[in-house]
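Report on one structure; see the data block that follows.
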Amino acid sequence: MSLLDRHRAVMPGWMPVYYGDDALEIVSGSGRRVTDATGRSYLDFFGGVLTTMIGYDIAEISDAVRRQIDTGVAHTSTLYLIRQQVELAEKIARLSGIPDARVFFTNSGSEANEAALLFACNVRRSNQILAIKNSYHGRTFAAMAVTGHRSWSSSSLTPLAVNWLASADRLRGRMAGLSDGDLLDAAVDDLREVLATVTAGDVAALIAEPVQGVGGFVHGPDGLLGAYRKVLAEHGILLIADEVQTGWGRTGEHFWGYQAHGVTPDLITFAKGIGNGFALGGVVGRAEVMNAVPAISFSTFGGNPVSAAAGNAVLDYVLDHDLQGNARRVGTILLDGLRALSYPILGEVRGRGLMIGLEFVRPGTVEPDAATTVRVFDLCRERGLLVGKGGLYGNVLRLGPALTLTEAEAREGLAILADAIATAAEEGFVGK
């Protein structure tokens, strides 16, 4: 049996694998490149879903993890002091922008969002949550409840009472075609209407991604979360910024995605890139909110010595090498180059820094074209480039390269993308 056959024999059928019957096994990596089981090398523009944030085989991270493993201590639980965890928490609290912050570590973004929702519901004594349509916050029970993306909502059962705000999608829906100013006004009107009509009044929190990740890198104009916050403050409603994909400088202009909005959240959730592949996530927030849990709780594996050692090395590397600045510079090369492309199948290029989405449509319309998206996706692989997919309709290519991506690698990937899009466009016209 092939590895794919063995996978299908023991894994749940709802676990997707890219490339279907030609599924890829990555066996080694270095820098921004990976090698598959056949020996073929690829430039990686997706990084394990924006998780291998520094790249592969980074000595500073490997050395930090090895030093911890060499002590013989991979786990003690948080019932004992963990130096690596405390040091990482100190750094994250300082960088969060939240005064007198506290940090709780988890194993994933889903678990981080579960924890943030728990804190908010406890402090507000309410299970009412506001969430954004087209959002994704995780696969666990409460995180799934606040995910506004049908493909990822596998159950209508929920521990929360959730009410929905409009997405900032500019191509279709309520906000289609609006200017920044008009979108901000419409979003505030929408929030006020939701609060006045379909809630019981004592809403706990709004959870929002500054840039919607799985939703296809859709984002509103700068100031949107700030505009929301003014209304939320009138009612004492908390703001949770889901920075699982936007944190650590990925958006280029800011270290956290929320910083584009003139607002400081009550809680920030993080994961993915901070571990560079090691399981690490968490919540950082205001002390009075974080301390609101009225019972004993802890995380068996969250912030364990090995993952925390990796997290410290990752965060130090991000700061020491100004990876936020690199994301801005190299991201501009990609965004400018992609926006210069003119094909009827390419409906929109959007994003910030090294977080870029390409939305594909049927020529002359805004109707989503998932088939063309898959074709471009496959063509990229054929040409040696790995990218991701997403969007509400499965018609968005997602680019989330390592923040260490070089200018030469950006131009290499851009050339492959341009060629793949041109080929798909030509095939489409020939087919007609």
Side-chain angles (χ1 to χ4, degrees), residues 49-51 53 96 108-117 120 129-140 142-153 162-170 173 175 183 187 190-191 205-229 232 238-274 281-285 350-357 359 388 390-392 396 398-400:
V49 194
L50 288 76
T51 300
M53 185 174 72
S96 71
S108 68
S110 295
E111 190 184 343
N113 284 326
E114 289 276 342
L117 292 166
I129 298 293
L130 299 174
I132 312 291
K133 295 175 183 177
N134 194 49
S135 61
Y136 175 80
H137 298 289
R139 62 166 181 79
T140 51
M144 183 175 63
V146 294
T147 289
H149 195 300
R150 176 64 187 84
S151 298
W152 296 89
S153 298
V162 182
N163 289 293
W164 300 96
L165 304 181
S167 165
D169 188 344
R170 308 291 186 104
M175 304 300 184
L183 192 152
D190 181 45
L191 171 58
L206 165 65
I207 184 168
E209 302 162 277
V211 179
Q212 293 183 326
V214 172
F217 296 159
V218 169
H219 62 87
D222 289 356
L224 177 58
L225 296 184
Y228 281 148
R229 183 55 179 263
L232 300 177
L238 304 179
L239 175 63
I240 303 170
D242 180 342
E243 299 268 2
V244 169
Q245 296 197 31
T246 50
W248 320 113
R250 177 165 289 281
T251 63
E253 295 179 7
H254 302 94
F255 193 76
W256 302 101
Y258 82 77
Q259 291 170 324
H261 297 273
V263 66
T264 300
D266 298 287
L267 298 165
I268 301 169
T269 61
F270 57 86
K272 289 192 181 292
I274 186 59
V283 187
V284 55
R350 56 179 175 258
R352 293 174 178 271
L354 287 175
M355 193 174 188
I356 299 170
E359 179 149 352
L392 185 60
V396 179
R398 298 171 63 202
L399 312 181

Checklist line | Side chains of R350 and V396 in contact at under 4.5 Å (non-hydrogen atoms) | finding: yes

Checklist line | Under 3.5 Å: donor-acceptor pair, side chain of T251, backbone of R352 | finding: no

Margin query: Please give me the minimum heavy-atom distance between S110 and A143, naming the atom from each residue.
Written below: O-CB, 4.2 Å

Notebook entry, point to check: Would you call M53 and K272 a side-chain contact if the rule is heavy atoms closer than 4.5 Å?
Noted result: no

Next item on the list: Please confirm whether the backbone N or O of L232 pairs with a side-chain atom of R229, one donor and one acceptor, at under 3.5 Å?
Entry: no

Note to self: What's the separation between atom CG in L165 and atom CD1 in I207, rounded to the nearest 0.5 Å?
What the structure shows: 12.5 Å

Notebook entry, point to check: Any donor and acceptor pair, going by atom type alone, linking the side chain of E209 with main-chain N or O of S135 inside 3.5 Å?
Noted result: no

Margin query: Can you tell me how far apart CG (L117) and CG (L238) are? Round to the nearest 0.5 Å.
Written below: 11.0 Å

Item checked: Partners passing side chain to side chain contact (heavy atoms under 4.5 Å, CB included) against A112 (at least two apart in sequence or in another chain) -> T106, T269, V283

Next item on the list: Check the pair Q245 / V211 against side chain to side chain contact (heavy atoms under 4.5 Å, CB included), numbers first and verdict last.
Entry: CA-CA 8 Å; Q245 296 197 31; V211 179; over 6 Å; no

Notebook entry, point to check: Quick one: does H137's side chain get under 4.5 Å of I132's, heavy atoms only?
Noted result: no

Margin query: How close do A187 and L224 get, counting heavy atoms only, and between which atoms?
Written below: CB-CD1, 3.6 Å

Notebook entry, point to check: Quick one: are V214 and R398 in side-chain contact, heavy atoms under 4.5 Å?
Noted result: yes

Next item on the list: Report yes or no: does S151 contribute a side-chain atom to a donor-acceptor pair with the main-chain N or O of H149 at less than 3.5 Å?
Entry: no

Check: Should the ring pair W248 and W256 be called parallel, tilted or perpendicular, given that the plane angle runs from 0 to 90° and is split at 30 and 60?
Finding: tilted

Margin query: Could you report the tightest heavy-atom contact between V263 and G226, atom names first, then the distance?
Written below: CB-CA, 3.9 Å

Check: Is there a side-chain contact between I129 and I240 (heavy atoms, below 4.5 Å)?
Finding: no

Check: What are the two closest non-hydrogen atoms of F217 and L399, and how far apart are they?
Finding: CE1-O, 3.5 Å

Notebook entry, point to check: Is there a side-chain contact between N113 and T140 (heavy atoms, below 4.5 Å)?
Noted result: no

Item checked: Straight-line distance of N163 CG to L191 CG, nearest 0.5 Å -> 11.0 Å

Notebook entry, point to check: Nearest heavy-atom pair of A131 and V162: which atoms, and what distance?
Noted result: CB-CG1, 4.1 Å

Checklist line | Side-chain touch E243/S96, heavy atoms, less than 4.5 angstrom | finding: no

Next item on the list: Identify the heavy atoms of G215 and N134 that sit nearest to each other, and give their distance.
Entry: O-ND2, 3.1 Å

Margin query: Are more than 12 heavy atoms, taken from residues, nucleotides or ligands other than W164, located less than 6.0 Å from that residue's CH2 atom?
Written below: yes

Next item on the list: Name all pairs fulfilling the salt bridge (Lys or Arg N to Asp or Glu O under 4.0 Å) condition that reach into residues 211-221, sequence neighbours left out, sorted by first residue then second.
Entry: none

Notebook entry, point to check: Going by heavy atoms in the side chains, are Y228 and H261 under 4.5 Å from each other?
Noted result: no

Notebook entry, point to check: Just by modelled atom types, is the K133 backbone N or O under 3.5 Å from a matching donor or acceptor in the Q212 side chain?
Noted result: yes

